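Side chains are part of it too, since the values below use all heavy atoms of this structure and drop only hydrogens, waters and symmetry mates. Treat the numbers as computed from the prediction; the structure is a model and nothing was measured.
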Amino acid sequence: MAQHTRIEVAGVMQETGMVPLFYHPDVELGKQVLKACYDGGARLLEFTARGDFAFEVFLELNKYAVKELPGMIMGVGSITDAAAASLFMQMGANFIVTPSLREDIALVCNRRKVLWSPGCGSLTEINKAEEMGCEIIKLFPGSTYGPGFVKAIKGPQPWTSIMPTGGVSTEESNLKAWFDAGVTCVGMGSKLISKEILANKDFGELQNSVRKTLDLIKKLRS
């Protein structure tokens, strides 16, 4: 069962402005990544379930978060069907992120009042997702559409909440463009949790990077 309601999750996404994305098959390494993000100020993490036995890894990471990291909200990304969404929700996933808009996933998440964020790439898809109860749209891949797309959408639809994923970096110019366009938060993967950090197990650097990025987002919003 989820520890947080979809409204609570949406609120934390809005408040912090960033959702780190991460996948690795090593549970112990995952715990260190999770703690570094938490100590850096992040209160959400999307585990991108892309590998074999990813559910086993997520289960252990979520247990760790619940026990050791109070207030840390764990969700799952790269979900492509309702069965997978249901499986991860049974393991306590607090939000579900998908690469595309799928009604079957919307139904199972709405039934449990778990936040779901579908990948959308057109105004028609965004409208359909909102009609199905979506709180925050995932703009994916963000690099394809860019901040200009967000600004154009927010003109006629200022109520639409958007989280670009892909093409978001820790650079001030990049983040400024997205937040000036009106995004609610950003999803950030390898630009934040890089292959080098994982290979070198430089979790102190990751903690610093998370803290600096969150501080920058706060500054850009003020």
So, [X] and [Y], do they make that salt bridge, N to O below 4.0 Å?
X	Y	answer
E125	K128	no
K219	E172	yes
R211	D215	no

Any side-chain heavy-atom pair from [X] and [Y] closer than 4.5 angstrom?
X	Y	answer
K31	V27	yes
W116	C134	yes
T165	L139	no
N94	V114	no
M18	T213	yes
F203	D39	no
V183	M163	no
L123	N127	yes

Passing option when I79 is tested against T48, L87, I105 for side-chain contact (heavy atoms from CB on, under 4.5 Å):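 For I79, the side-chain contact (heavy atoms from CB on, under 4.5 Å) check succeeds only for I105.
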side-chain contact (heavy atoms from CB on, under 4.5 Å), paired with Q14, selected from V9, I136, T184: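 That would be T184; it is the only one of V9, I136, T184 passing the side-chain contact (heavy atoms from CB on, under 4.5 Å) with Q14.
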Pairing donors with acceptors under 3.5 angstrom, does anything connect the side chains of [X] and [Y]?
X	Y	answer
Q3	N62	no
E130	T160	yes
S78	R50	yes

Lys NZ or Arg CZ of R6 over F95 ring: under 6.0 Å, within 45°: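 The answer is no, since R6 fails at least one limit relative to F95.
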Quiz item: cation-pi between K35 and Y38, 6.0 Å / 45°: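 No - K35 does not lie over the ring of Y38 by the 6.0 Å and 45° rule.
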Short side-chain to backbone donor-acceptor contact, R102 and T80, under 3.5 Å: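 Yes; at least one donor-acceptor contact below 3.5 Å.
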Aromatic ring pairing Y145/F149, orientation class (parallel under 30°, perpendicular over 60°, tilted between):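 Ring orientation, 0 to 90° scale: tilted.
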Sequence-distant partners of R221, side-chain hydrogen bond (donor to acceptor under 3.5 Å, both in side chains), two or more places apart: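 R221: no side-chain hydrogen bond (donor to acceptor under 3.5 Å, both in side chains) contacts found.
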Minimal non-hydrogen separation, G30 against L61, with atom names: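 Looking at all heavy atoms of both residues, the shortest contact is C-CD2, 3.5 Å.
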Minimum heavy-atom distance I137-S117, with the two atoms named: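 Minimum heavy-atom contact is C-OG, 3.7 Å.
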Sub-6.0 Å ring centroid separation between F47 and Y23: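 Between Y23 and F47, which both carry aromatic rings, the centre distance is below 6.0 Å.
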